[in-house]
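Inspection log for the structure reproduced underneath, given as structure tokens.
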Protein chains: 2
Amino acid sequence: MQMNVSTRALHAFVTLAEQRSFTRAAALCHLSQPAFSALIRTLEDDLGARLFDRTTRSVELTAEGRVFVESARRLLRDVDDALADLRDHAARRRGRVAIAVLPSLAAGWLPPLLADFHARYPGIELDVADVLSDDCIARVRSGRADFALASTRTEAPELRTESFCSDGFHVVFRRDHPLARQRGALTLARLAPHPIVQLARSSSVRQYVEAAIYPSQLHTVLELEQLSTVAGMVRAGLGLTVVPSLTLFHFDHPDLATRALHVPELKRQVFLVRRNDRALSSAAQALYEVVMAHRPHPTARKR
Amino acid sequence: MQMNVSTRALHAFVTLAEQRSFTRAAALCHLSQPAFSALIRTLEDDLGARLFDRTTRSVELTAEGRVFVESARRLLRDVDDALADLRDHAARRRGRVAIAVLPSLAAGWLPPLLADFHARYPGIELDVADVLSDDCIARVRSGRADFALASTRTEAPELRTESFCSDGFHVVFRRDHPLARQRGALTLARLAPHPIVQLARSSSVRQYVEAAIYPSQLHTVLELEQLSTVAGMVRAGLGLTVVPSLTLFHFDHPDLATRALHVPELKRQVFLVRRNDRALSSAAQALYEVVMAHRPHPTARKR
DNA sequence: CGATCTTACGGGATTCGTAAACATA
DNA sequence: TATGTTTACGAATCCCGTAAGATCG
């Protein structure tokens, strides 16, 4: 049973039922009285039921009208609720946004940003996947994440990849390490003699470093999964390590010293990846804007 | 927040969300593709939210669209339910009708009529008030009854009273009563010597009888409220009684005899009373029609 | 280049408001 | 007669369908 009903007609109907006067109801609906009368008559014709008993002196609901006015009121309320819900989402008062972020960014750079975001949009739920770069991309591609910060550039037609920031590398070692006494710019060659604690090969950080010094190799003494564990190992004196500058907060400890690596080709590029064929939801757009506002500047290094 | 949404637009939206193709969805909605496109765009503008991500090759819901499509589906279902409910009432598949009927009609004439009515309209609830004439009128006037069968004509502007049927009177007595041997037409004068069992003065039947013989009086030996009790008293030999012909079924007993009273001015008029300013509900109209179809004919007397 | 959505535009239906006719207390 | 609803009608608006244009794969 296909048929058309508009909220305007329902609202007119309910108003007339309440006012029991075409003149007053028409005024409330901002219509001339004859136009209002026609609207009601059309509604009655469409519904196939007389809704009002009209005499020139009184307007009263019929039995069918009394049945329908309850439905109409509920329908109008439901429509309002649905529209309010939609508007809440559009206005960023409600919603959900899922992102995927490299662990190296998720641990240090992200938390204050999310605190800021949540303070500004308390109704928006957040879902952060702190996963490795390939997984970040996969989540965007499958729609599980609205956008991602990853370090591998993927050329795919359905993905839009834009440069987000670039990150230099730092060397971290114990203050009693021989490098602490060395002056001048640090190069990869100067690191070669020293034992190095590194991340696992699956990490993009490790891949960057290996690519930069290829074909020569560093003297890897230990491979780990987590940067915080790396920090502990370096503090224990097992060796030095090379990490992106944005992750230095892991190594903020009185026993440790850090120095920038002056190797131009050794720069970690971080990309913001999102789907090309989908607009960001309002919630995602809000987070996107905050992310962009907190975008790390190359010159602004911690410590 | 005043705004207009039509089920047509919602249906178009849901169809497009399901088909993910303007061309297919337009065909399903019996619209040209450009018209359909405009409809969707208008809806998006009205809602103030983009509902679809469109590329020439794919049409996909936005996050807001996914939020709203659930609401839209539910709204459409609710509208359908409301319309079906209204149609059920209009089509007499559901509803409720309340009538008020004189007890003398309610006990004998009404039951088979209602059985017929219920068989034809099983979804309609019935509310029968078997009350005295004045109460019948009061119930119609206050709206507690859709219409009534009463015996007092009331001239009121808001009531429409039409003649329903007229009912002669019968005398009922025991077969061993002296009247049983009497030949010729029965007149009130012939009843005068005999003790009579009567209904209470509040009954319209009693009032009819008293008005007809005024200023003379009958020899009332007993006053009762219920006709069935009157029948018992007559069977016990306490006296004869005079009742409307339609109530004779109360006296259907081998010990009792009945004879018509040939008194032209002694006729009980039964009126159908309803409100003048209100149309009957579909359910009430249905019962009205059945009542009219079962209208007792003056010549068709039981027994 | 083919499929698909959007824009442009003329014709037709719908709907509006003013004015007059009509109905009831 | 006064109040309030319906009918009549010209005008503005909205909406539809055809045709042309734009876009992506």
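Letters go in sequence order (proteins before strands), and every chain restarts at 1.
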- Message: Is it true that B:Ser151 and B:Gln269 share a donor-acceptor pair across their side chains at a distance under 3.5 Å?
- Response: no
- For residues A:Asp277 and B:Thr55, is any side-chain donor paired with an opposing acceptor at under 3.5 Å? no
- Item | Spacing between A:Asp277 atom CG and C:dC5 atom P, to the nearest angstrom | 15 Å
- Query: Is the closest side-chain donor-acceptor distance between A:Ser6 and B:Ser6 under 3.5 Å?
  - Reply: no
- Contacts of B:Arg41 and B:Arg24 projected onto DNA chain C by closest heavy atom; the upstream (5') one is B:Arg24
- Task: Salt-bridge test for A:Arg50 and A:Glu64: reply yes if a basic N is under 4.0 Å from a carboxylate O, no otherwise.
- Result: no
- Please list, in 5' to 3' order, the outermost nucleotides of DNA chain D lying under 4.0 Å from any heavy atom of chain A. D:dT3 to D:dT7
- Task: List for me each residue that meets ring-ring contact (aromatic ring centres under 6.0 Å, His included) alongside A:Phe164, sequence neighbours excluded, and say none if there are none.
- Result: A:Trp109
- Charged N-O contact under 4.0 Å between B:Glu60 and B:Arg20: yes
- Kindly confirm or rule out a cation-pi arrangement of A:Arg41 over A:Phe36, judged by NZ or CZ under 6.0 Å from the six-membered ring centre and within 45° of its axis? no
Extract all donor-acceptor atom pairs below 3.5 Å that involve side chains of residues 90-104 of chain A and protein atoms in other chains or at least two apart in sequence.
unit_1: A:Arg92; atom_1: NE; unit_2: A:Ser282; atom_2: O; d: 3.4
unit_1: A:Arg92; atom_1: NH1; unit_2: A:Tyr121; atom_2: OH; d: 3.3
unit_1: A:Arg92; atom_1: NH1; unit_2: A:Glu289; atom_2: OE1; d: 3.1
unit_1: A:Arg92; atom_1: NH2; unit_2: A:Glu289; atom_2: OE2; d: 3.2
unit_1: A:Arg93; atom_1: NE; unit_2: A:Asp88; atom_2: OD1; d: 2.8
unit_1: A:Arg93; atom_1: NH2; unit_2: A:Asp88; atom_2: OD1; d: 2.9
unit_1: A:Arg94; atom_1: NH1; unit_2: A:Asp85; atom_2: OD1; d: 2.3
unit_1: A:Arg96; atom_1: NH1; unit_2: A:Glu125; atom_2: OE1; d: 2.8
unit_1: A:Ser104; atom_1: OG; unit_2: A:Arg268; atom_2: NH1; d: 2.7
unit_1: A:Ser104; atom_1: OG; unit_2: A:Arg268; atom_2: NH2; d: 3.4

- Ordered by number, residues from residues 12-23 of chain B within less than 4.0 Å of DNA chain C (heavy atoms) are B:Ser21, B:Phe22, B:Thr23
- Item | Protein proximity profile, nucleotides 17-25 of chain C - base contact B, sugar-phosphate-only contact S, no contact -, cut-off 4.0 Å on heavy atoms | BBB---BSS
- Query: Are any non-hydrogen side-chain atoms of B:Val131 and B:Arg139 less than 4.5 angstrom apart?
  - Reply: yes
- Across all chains, not counting sequence neighbours, the ring-ring contact (aromatic ring centres under 6.0 Å, His included) partners of B:Phe13 are B:Phe52, B:Phe68
- Query: Given C:dC16, C:dT6, C:dC5, which nucleotide is nearest the side-chain atoms of A:Arg8?
  - Reply: C:dC16
